[in-house]
K.L.:
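Take this structure first; my questions come after.
Index from 1, following the sequence. None of the values given here were measured: they were computed from a predicted structure.
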Amino acid sequence: MATFAVEKNKISKVYPHGNADKMELAQVEGMTFQFCVKKDEFKAGDEVVYFPIDSVMPEELVGFFGIGNFLAGGKRVKTVKLRGEISQGFVAPVAHVTQFLREQWGSKNGPLDVDPDTVDFTSLLGVTKYEPPVTMQNNAKLIPLDCSPYDIEGADRYPHILEELLAEEIVFVHEKVEGMNMAVTYLPDKTYTVAQRNFYIQSQDPENPHSFEKLAMNKVIPVLKAFAEDPGWVGKQIRFRAEFTGPGSQGNYYGLLDQYAFG
């Protein structure tokens with residue numbers, strides 16, 4: 001499961017923005033994400049709260065920092081380009097965040113006390129992780145999933161591990177396919193389920209199945225059946241996780257002519 005948290009951290013370095021006089025670029029310790037900040041606002045060692053990509057902020061917090069124009073839909077942190085440089089996240093001084101919590105988020109009985117040792121501010125600030133909308137068709141319904149979806153952990157949060165691998169080992173770099181989260185589960189009774197993110201997809205028209213079900217039947221289930229026939233897999237549940245991509249998915253980023261599930 002990919003890490004998502006709005007946490008206290010320290011600025012690791014600040015360096016020039018090549019195309020802006022009033023902005024600089026910065027990073028926080030232990031990560032390689034780059035983000036834009038106001039010139040002379042931060043220096044290495046400053047304590048900040050880092051809001052990662054896909055943070056969805058409550059409107060009170062957005063208003064407090066005055067950053068609505070820089071967020072998708074006025075509330076979601078996305079990767080953006082500012083004067084030609086990529087910015088991946090938002091940071092605010094810890095003192096400003098605690099000020100918000102004390103003044104704006106306090107109870108009716110008085111200001112909210114903030115523990116100075118607090119590291120994880122996610123729930124305190126009411127920040128949630130953006131979940132892409134479920135793509136549905138009229139001929140199917142959704143049933144809550146009994147297992148959590150997955151996200152691939154990015155190397156940006158673990159540069160020390162990457163450095164260790166690159167120092168002594170031959171590694172293969174793969175692309176995380178731009179698509180929609182998909183899971184196909186083949187059960188011991190030879191039936192199967194198809195899911196997208198947090199829901200199972202159940203077709204209401206067998207003659208015109210949902211796109212995920214159609215792809216599963218044509219390309220995924222035959223492979224899972226072959227696995228199920230292996231003595232080591234007899235009687236076991238097999239779950240195939242993948243990215244659904246192609247026409248009708250995320251703008252068909254790769255220009256594919258057919259739909260695929262890359263697992």
K.L.:
What's the spacing between Leu224 CG and Trp233 CH2 if we round to 0.5 Å?
P.N.:
9.5 Å
K.L.:
Is the number of heavy atoms from other residues, nucleotides or ligands within 6.0 Å of OH (Tyr15) greater than 12?
P.N.:
yes
K.L.:
What pair of heavy atoms forms the shortest contact from Thr32 to Gln27, and how long is it?
P.N.:
O-NE2, 3.4 Å
K.L.:
So, taking the atom named CD in Glu103 and the one named OG1 in Thr98, what distance separates them when rounded to the nearest 0.5 Å?
P.N.:
9.5 Å
K.L.:
Working to the nearest 0.5 angstrom, can you tell me the gap between Phe35 CZ and Tyr50 OH?
P.N.:
6.5 Å
K.L.:
Do His210 side-chain atoms and Val194 backbone N/O form a donor-acceptor pair below 3.5 Å?
P.N.:
no
K.L.:
Please report the C-alpha distance between Phe90 and Phe70 in whole Å, then the side-chain angles of each, then the deciding distance to 0.1 Å, and finally whether the ring-ring contact (aromatic ring centres under 6.0 Å, His included) criterion is met.
P.N.:
CA-CA 10 Å; Phe90 169 71; Phe70 300 97; 9.1 Å; no
K.L.:
Can you tell me if Asp46 uses its side chain to pair, donor with acceptor, with the backbone of Lys43 under 3.5 Å?
P.N.:
yes
K.L.:
If you group Ile, Leu, Val, Met, Phe, Trp and Tyr by side-chain heavy-atom gaps below 4.5 Å, do Val127 and Leu101 land in one group?
P.N.:
yes
K.L.:
Mark yes or no for whether Thr122, through its side chain, and Ala5, through its backbone, hold a donor-acceptor pair below 3.5 Å.
P.N.:
no
K.L.:
Kindly give the heavy-atom pair with the smallest separation between Phe4 and Thr128, and that separation in Å.
P.N.:
CZ-O, 3.7 Å
K.L.:
According to a 4.5 Å side-chain heavy-atom criterion applied to Ile, Leu, Val, Met, Phe, Trp and Tyr, with indirect links allowed, do Val62 and Val91 form part of one hydrophobic cluster?
P.N.:
no
K.L.:
Identify the two heavy atoms, one from His17 and one from Met23, that lie closest to each other, and give their separation to 0.1 Å.
P.N.:
CB-O, 3.3 Å
K.L.:
Return yes if some donor-acceptor pair links the side-chain N/O of Ser87 with the main-chain N/O of Cys36 below 3.5 Å, else return no.
P.N.:
yes
K.L.:
Is the shortest side-chain N to carboxylate O distance from Asp54 to Arg76 below 4.0 Å?
P.N.:
yes
K.L.:
Are Leu71 and Phe100 linked, directly or through intermediate hydrophobic residues, by side-chain heavy-atom contacts shorter than 4.5 Å (ILVMFWY only)?
P.N.:
yes
K.L.:
Would you say Val37 and Leu61 are hydrophobically clustered, going by side-chain heavy atoms of ILVMFWY under 4.5 Å?
P.N.:
no
K.L.:
Tell me whether Glu29 at atom CD has more than 12 heavy atoms from other residues, nucleotides or ligands lying less than 6.0 Å away.
P.N.:
yes
K.L.:
Mind listing the closest non-hydrogen atom pair of Phe212 and Ala195 along with its distance?
P.N.:
CD2-O, 3.9 Å
K.L.:
Using only atom types and a distance under 3.5 Å, with no angle test, would you say the side chain of Glu85 pairs donor to acceptor with the backbone of Asn19?
P.N.:
no
K.L.:
Is there a chain of hydrophobic side chains (I, L, V, M, F, W, Y, each step under 4.5 Å between heavy atoms) that links Val6 to Val48?
P.N.:
no
K.L.:
I'd like to check Ile221 versus Tyr186 (side-chain heavy atoms, cut-off strictly below 4.5 Å). Are they in contact?
P.N.:
yes
K.L.:
Shortest non-hydrogen contact from Ala92 to Val97?
P.N.:
CB-CG2, 4.0 Å
K.L.:
What distance separates Lys236 NZ from Asp230 CG, expressed to the nearest 0.5 Å?
P.N.:
9.5 Å
K.L.:
How many angstroms lie between atom CD1 of Ile53 and atom CD of Gln88, to the nearest 0.5 angstrom?
P.N.:
4.5 Å
K.L.:
Look up atom CD in Gln259 and atom NZ in Lys214, then write down how far apart they are to the nearest 0.5 Å.
P.N.:
7.5 Å
